[in-house]
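Below is one structure; the comments refer to it alone.
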Amino acid sequence: MEAATTHTFDAPAELGRYRTRALLVGAVFLVVGAALAFLMGQTAGYGGLVHVLRSYLVGFFFVTGVSVGSLAWLCLGHMTGGAWAITSRRLFEAATRCIPLCAVLFIPVVVSLFVHDHGHSVYEWSDPSIVAGDEALKHKSLYLNPLFFIIRAVVYFGVWFAFAFILSRWSAEQDRSADPRLRRKMQDISGPGILLFGLTVTFAAIDWGMSLEPHWFSTIYGLIIMAGWGLSALAFIITVATWLGAREPMEHAYQPLHFHDWGKLLLALVMLYAYFAFSQFLITWAGNLPEEIPFYLRRLRGGWQFIGLTIILFHFALPFVLLLSRHRKRVPRSLRRIALLMLFMRVVDLVFFFAPSVHQGGEPEWHASDLARSFLPMLAMAVGLGGIWLWYYFGQLASRPLLPLGERDLEKAIAPAEGHH
Amino acid sequence: MAGKRKVRPAVYGLMAEFDNPSDAVAAARRVHEEGYRRVDAFSPYPVEELSEAIHAHTTKMPLIVLIGGILGGMGGFLLQFYIATIYYPINVGGKPLYSWPAFIPVTFECTVLGAALFAVFGMLALNGLPEPYHPVFNAPNFALASRDRFFVLVESADPKFDRERTAEFLRTLGPREVTDVEH
């Protein structure tokens, strides 16, 4: 037991090697993805640069989701306490410190507001020539206009950065001083943190995702994205934890009990996401209103219906059944496979949400070849931005001990379950 | 088996009493390794490793709950299907009578209900509850099992059980005490 307090839990040295590798892979995929998107967009006639920026948006949304979703888990952990929260805190903290990187990665999204190619844009409401001929968009332009869009994004990133910065700082201070008051302070700020997370993510989801189809609306969209971001963040942190758990110094710190808890949370999020996504479908289907159904009409033809089916099977059914098993939640290698599946399916789901909304003047005619045009560059961009994000993340992870050393309950949290009480 | 009278063993089992969970877990593991299978353990709070040591996790419970969930879900879905299409067909908003998306929420709830009912009653059945009398309460100090003592029990129904040798073996595991449990 004494070892727990004297051990510093430094990140394994291999992390540095993986760091450069991630950057390299990320850069290659980003360039390949951009080239692919440009060529495909050009030949399909929806604008080369527009298609590059649209594909980029999927990658940006994914890595930002992991960073901001981690902020929610961090706040939740501070509020509830528990061994799962103490042992995963540093992993989530490092992800929240990637929020400034996400703010930088947001710049191309801002650029996309000003790139219009013969009536094609990422956000059609940003094209004055389209808005001028569209009564609904004219009315919505009070909210949906480039300047206000940018101001709002600054506010979101400001709020996220503030919470991430304060929580990380206090947590580092706790390492040095072990001051018990810091624990209370982090807990106190986490309640408002969750509240503001809910508000900012709802608005960010509407701005960055829902406004891709500016005539369409769904009141549950914010919750879907929130659950999606939470799911991405948790699946990512589980992947990192299983990797760390196989090496020193975390080999003996992470217990089967911790993986069990993270696995239970993953199961809950898989179900929560399916619940939100199905609710949107059910309400749209039951209402059958002309302004609501285009979202699904676009996604139920031209090959997208099979992507939808794939999402039902591999984003919900398969992980749900696998995670019911107690054994699979407790054995890191099995849990990691499910977490990796979820990360992949999160990107597929984002493509499903973002790609079919391409404005083509009137109801789009979809062909199966459009699937390839959407998926290839978007997946490549997601891997590209993921690699760059990972490079930054590993740097942040290595900069602090992997466990909060000043936490009063640390020893209890990492003790094997049979230990003395 | 007709005609072969079962001889009732003199005691219900042998109870070893421990001060802390680590010793109890170690003892339970040794007992299992030694080949005893009719083993039970008692602790004031759930000790994950103790359940594992006596292999209490390998029960039929998950299967029972799974069956309950599947039956509940199927029952809920078929109930709605029967009502909506055969028993009381109503045209709702021009939708087909068999509109499966509308059935999903109730199907989900019925799955949970079926699984929960099977979990509760399956647990009671597998534990043989309610059971107003149980011999383990005859063991001295057993009341402490809900305070700060840990107990490992070897039942006399175990084929390897031998009152002298089992007791001797249990004493080698470092208990505070090994006592007979009367019927």
Side-chain angles (χ1 to χ4, degrees), chain A residues 1 83-84 220 254-261 263-264 267-268 270-290 292-293 296 299-300 305 308-309 312 316-317 320-331 412-421, chain B residues 18-29 41 43-59 61-70 73 80 84 91-96 98-109 111-112 115 119 147-150 152:
Chain A
M1 266 332 115
W84 72 269
I220 205 172
Y254 290 147
Q255 306 297 331
L257 178 78
H258 302 140
F259 291 104
H260 197 179
D261 282 348
K264 285 182 212 162
L267 174 61
V270 164
M271 290 174 72
L272 184 71
Y273 185 85
Y275 170 75
F276 286 155
F278 179 74
S279 297
Q280 176 175 287
F281 173 75
L282 182 64
I283 289 164
T284 309
W285 170 84
N288 205 18
L289 298 172
E292 284 180 0
I293 56 173
Y296 288 107
R299 286 160 181 80
L300 285 172
Q305 67 270 42
L309 198 63
I312 294 172
F316 171 66
F320 171 76
V321 171
L322 291 179
L323 284 169
L324 285 180
S325 145
R326 171 189 149 87
H327 175 79
R328 277 204 192 79
K329 282 178 284 203
R330 293 176 73 91
V331 175
K412 218 159 62 179
I414 63 174
E418 63 183 291
H420 299 257
H421 284 254
Chain B
F18 296 91
D19 277 326
N20 60 67
S22 306
D23 290 352
V25 170
R29 282 202 185 115
S43 60
Y45 50 86
V47 178
E48 195 83 15
E49 269 72 7
L50 197 51
S51 313
E52 260 157 33
I54 60 165
H55 295 252
H57 277 309
T58 48
T59 70
M61 268 317 281
L63 185 66
I64 291 173
V65 176
L66 182 69
I67 291 169
I70 291 172
Q80 294 174 88
N91 181 338
V92 182
K95 293 217 160 44
Y98 170 63
S99 289
W100 65 266
F103 301 166
I104 298 294
V106 173
T107 304
F108 172 74
E109 300 298 343
T111 308
V112 175
R147 287 180 60 189
D148 58 355
R149 290 285 160 78
F150 302 81
V152 174

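Every chain is numbered from 1 and lettered A, B, ... according to where its sequence line falls, protein lines coming before strand lines.
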| Of the listed residues (B/Ala24, B/Gly93, B/Pro101), which shares the most heavy-atom pairs with chain A below a 4.5 Å separation? |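 Top count of heavy-atom pairs under 4.5 Å with chain A: B/Pro101.
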
Problem set entry | Side chain to side chain, B/Glu48 and A/Arg330, heavy atoms closer than 4.5 Å | yes

Under 4.5 Å to a heavy atom of chain B? For A/Phe281 that would be side chain

| Minimum-distance pair of heavy atoms, taken over all atoms of A/Met271 and B/Phe108 |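 So the two residues come closest at CE-CE1, 4.0 Å.
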
If you draw a 6.0 Å radius around CZ in A/Phe278, do more than 12 non-hydrogen atoms from other residues or ligands fall strictly inside? yes

